[in-house]
Amino acid sequence: MTHEAVPAALTTLAEDEILFRDSVTEFAEAQIRPHVREMDDHAKIPRALLDQLFGLGIMGIEIPEEYGGAGARFFHSVLAVEALSAVDPSVGVLVDVQNTLVLNAILRWGSADIKRRYLPRLAADTVGAYALSEAGAGSDAFAITSKAVDGGDHFRLNGRKLWITNGNEADIFIVFANINPEAGYRGITAFMVERGFPGFTVGKKEDKLGIRASSTCELILEDCVVPKANVLGEVGKGYKTAIETLNEGRIGIGAQMIGAAAGALTHAVSYTKERKQFGKAVAEFQLVQAQLARAATDVEAARLLVYNAARLHDAGKPFLTEAAMCKLYSSEVAERVTSLAVNLYGGYGYVKDYPVEKLYRDVKIGQIYEGTSNMQLMTIAKQILG
Ligand SMILES: Cc1cc2nc3c(=O)[nH]c(=O)nc-3n(C[C@H](O)[C@H](O)[C@H](O)COP(=O)(O)OP(=O)(O)OC[C@H]3O[C@@H](n4cnc5c(N)ncnc54)[C@H](O)[C@@H]3O)c2cc1C
């Protein structure tokens, strides 16, 4: 075998990937870090920060350059979400939903007309959201009861969506509704809905345990008029759009989890090297060293799963099982590692003056959204059992 034929290590990044990741990290440290506490306290991401994210090109990573985007790959989205989440997983998920759900769905399923109308806005200054879940339809996502009725040149949508990330900031929403409830999931259709459409309102914002700065809102559709040209993909094929975008989206959540876990580990390493008890740095105790070593191994293993799933995606290879595994595992690792970081900070880990209590709260969501851990286990089991 020639040297060239040996595949690179999964963590070996291309030159452009290194530059991109480092620029996002630099931005996150300089522009986000100073505001993390305030954004968490006020449960809000300021518009000025959104403008900076657009300016940096990380709200339109995969949008082709002809529409004003960065023309990069899915793997770049993963790197961006990881780097941002090491500092603030709330900003991480905002960028994640924009790229791995909203843009992915439009790039894959959007008509030429939808791409022309929406991609330039999403690349320039407009936040998107992805609205599938409802009060009675979470894990059983296809049980949605939002309905769309054909009105000639438009559809009329009625229903309520729950838990919609970016609900406060978004102006463009991908909304799933059923055009033929009798046909079950085969009636589900995806629509491009704008905040200004008649009959569309953003409702209550949730008060959450973690990722508090990321908005999670109810959406209310009351005879909401959506032009037929705004059907995303085919009528009755929205279930495919939902399944396929969420398969990709969960790699993004994996990236959010490894970012947060790595961020917490970095804090724990510096703190234990500084903090003295029994006359020496806490990091000098072998028990603590073993805990840190195990956490570092956990983060590395989770990162390999996430990067592998993302690389498979970009190579056009099947990645369904790997995506489920990476989300399942990285969200468990994130819980373990952030919890250890709180422990290693002692009492200081439990208060808001230090960064680790927030990361501990933030990562709990990784086991819930974009398919709970039980749903990931079911996907993996189905694949291995055949
Ligand atoms: C902060 C936040 C942001 C979100 N953002 C979005 C968003 O942007 N867009 C969107 O559409 N949705 C979003 N969601 C919704 C999220 O995807 C759902 O909450 C999630 O899929 C779980 O659904 P559920 O809450 O109805 O729980 P349920 O489905 O009711 O699950 C309850 C429990 O039962 C278990 N369970 C259910 N069915 C089975 C089964 N068959 N076998 C074994 N166990 C099972 C689950 O694993 C879970 O532990 C968000 C949620 C939150 C909290």
Side-chain angles (χ1 to χ4, degrees), residues 40 43-45 81 85 88-105 127-146 159-178 188-191 193 202-221 232 238-239 241-250 252-254 256-257 260 323-324 327-328 331-332 334-335 358 361-382 385:
D40 189 55
K44 194 169 167 48
I45 296 178
V81 173
S85 302
D88 191 348
S90 287
V91 180
V93 76
L94 176 122
V95 170
D96 174 65
V97 167
Q98 176 91 354
N99 285 284
T100 76
L101 292 182
V102 177
L103 297 180
N104 237 333
V127 176
Y130 185 91
L132 177 63
S133 305
E134 297 179 1
S139 300
D140 187 9
F142 295 160
I144 58 170
T145 58
S146 289
R160 275 168 188 254
K161 294 290 172 187
L162 203 62
W163 313 117
I164 308 310
T165 300
N166 296 352
N168 245 9
E169 299 80 13
D171 282 307
I172 295 171
F173 298 78
I174 296 179
V175 174
F176 293 85
N178 200 317
I188 295 174
T189 306
F191 298 89
V193 177
V202 175
K204 174 174 167 267
K205 178 168 156 259
E206 304 296 338
D207 188 4
K208 306 194 298 293
L209 169 73
I211 55 164
R212 291 181 57 79
S214 158
S215 66
T216 310
C217 302
E218 184 185 26
L219 307 181
I220 303 157
L221 302 149
L232 179 66
Y239 70 93
T241 308
I243 291 175
E244 293 186 14
T245 39
L246 286 168
N247 283 342
E248 298 174 18
R250 60 186 59 117
I253 299 306
Q256 184 199 26
M257 293 295 115
K327 179 181 178 282
L328 173 78
S331 58
E332 289 175 356
E335 187 175 47
K358 175 181 178 296
R361 287 187 282 110
D362 284 349
V363 299
K364 186 67 215 176
I365 191 59
Q367 296 176 45
I368 299 170
Y369 59 14
E370 297 206 27
T372 64
S373 290
N374 277 0
M375 292 299 113
Q376 309 309 324
L377 288 168
M378 282 162 67
T379 301
I380 299 161
K382 203 165 150 192
L385 293 170

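First listed ligand is number 1; within each ligand, the first listed atom is number 1.
The single protein non-hydrogen atom nearest to atom 7 (C) of ligand 1 is Trp163 O, 3.3 Å, given as residue, atom name and distance. In this structure, the protein non-hydrogen atom closest to atom 9 (N) of ligand 1 is Tyr130 O, 2.8 Å. The protein heavy-atom contact nearest to atom 45 (C) of ligand 1 is Met375 CE, 3.8 Å. Scanning the protein for heavy atoms near atom 43 (C) of ligand 1, the closest one is Asn374 ND2, 3.5 Å. Atom 23 (O) of ligand 1 has its closest protein heavy atom at Gly138 CA, 3.2 Å. The protein atom (non-hydrogen) at minimum distance from atom 8 (O) of ligand 1 is Thr165 N, 3.0 Å. Atom 20 (C) of ligand 1 has Ile368 O, 3.5 Å as its closest protein atom, hydrogens excluded (heavy atom only). Closest protein heavy atom to atom 12 (N) of ligand 1: Ser133 OG, 2.7 Å.
In terms of polar-atom proximity, defined here as any N/O pair under 3.5 Å, Tyr369 makes no such contact with ligand 1. Remark: ligand 1 and Asp140 share no N or O pair separated by less than 3.5 Å (distance only, no angle test).
For Thr100 (side chain) and Val97 (main-chain N/O), no donor-acceptor pair under 3.5 Å exists by modelled atom type. Looking only at distances, no side-chain donor or acceptor of Lys327 sits under 3.5 Å from a matching main-chain atom of Met257. The main-chain N or O of Val363 is never found under 3.5 Å from a side-chain atom of Glu335 such that the two would form a donor-acceptor pair. Of the possible donor and acceptor atoms, none in the side chain of Asn166 sits under 3.5 Å from a partner among the backbone N and O of Ala129. Under the 3.5 Å distance criterion, the side-chain polar atoms of Arg250 are left unmatched by any main-chain donor or acceptor of Ala324.
Side chain to side chain, Ser373 and Glu332 fail the donor-acceptor criterion of an N or O pair below 3.5 Å.
Under a 4.0 angstrom heavy-atom cut-off, Met378 registers as being in contact with ligand 1. Using a 4.0 Å heavy-atom cutoff, Thr216 is listed among the residues neighbouring ligand 1. Under a 4.0 angstrom heavy-atom cut-off, Lys161 registers as lying outside contact with ligand 1.
If you look at Ile365 next to ligand 1, the close heavy atoms, those under 4.0 Å, all belong to the side chain. The proximity of Thr372 to ligand 1, defined as any non-hydrogen pair under 4.0 Å, is limited to the side chain. If you look at Glu370 next to ligand 1, the close heavy atoms, those under 4.0 Å, all belong to the backbone.
Checking each of Thr165, Asp362, Asp96 against Ser214 for a side-chain contact (heavy atoms from CB on, under 4.5 Å) leaves exactly one that passes, namely Thr165.
For atom 30 (O) of ligand 1, the nearest protein heavy atom lies 4.0 Å away or farther. The protein reaches atom 1 (C) of ligand 1 closely, with a heavy atom under 4.0 angstrom from it. Counting protein heavy atoms under 4.0 angstrom from atom 49 (O) of ligand 1 gives zero. Using a 4.0 Å threshold on non-hydrogen atoms, atom 34 (O) of ligand 1 does not count as touching the protein.
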Q) Tyr369 and Ile211: side-chain contact (heavy atoms from CB on, under 4.5 Å), yes or no, with the steps? A) CA-CA 12 Å; Tyr369 59 14; Ile211 55 164; 3.8 Å; yes
Q: Apply the test side-chain contact (heavy atoms from CB on, under 4.5 Å) to residues Arg212 and Arg361: give CA-CA distance (whole Å), side-chain angles for both, the deciding distance (0.1 Å), then the verdict.
A: CA-CA 9 Å; Arg212 291 181 57 79; Arg361 287 187 282 110; 3.6 Å; yes
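Crowding of Lys208 atom NZ: a count of heavy atoms from other residues, nucleotides or ligands under 6.0 Å exceeding 12.
Side-chain contact between Glu244 and Asn104 is absent, with no heavy atoms from C-beta onward closer than 4.5 Å.
Listed by atom number, the atoms of ligand 1 under 4.0 Å from Lys208 heavy atoms are 1 (C). Close contacts of ligand 1 with Ser139, meaning ligand atoms under 4.0 Å from a residue heavy atom, involve 23 (O), 28 (P), 29 (O), 31 (O), 37 (C), 38 (N).
Here the two rings, on Tyr130 and Phe176, have centers that are under 6.0 Å apart.
We find that Arg160 and Glu134 are not joined by a salt bridge, their nearest charged nitrogen and carboxylate oxygen being 4.0 Å or further apart.
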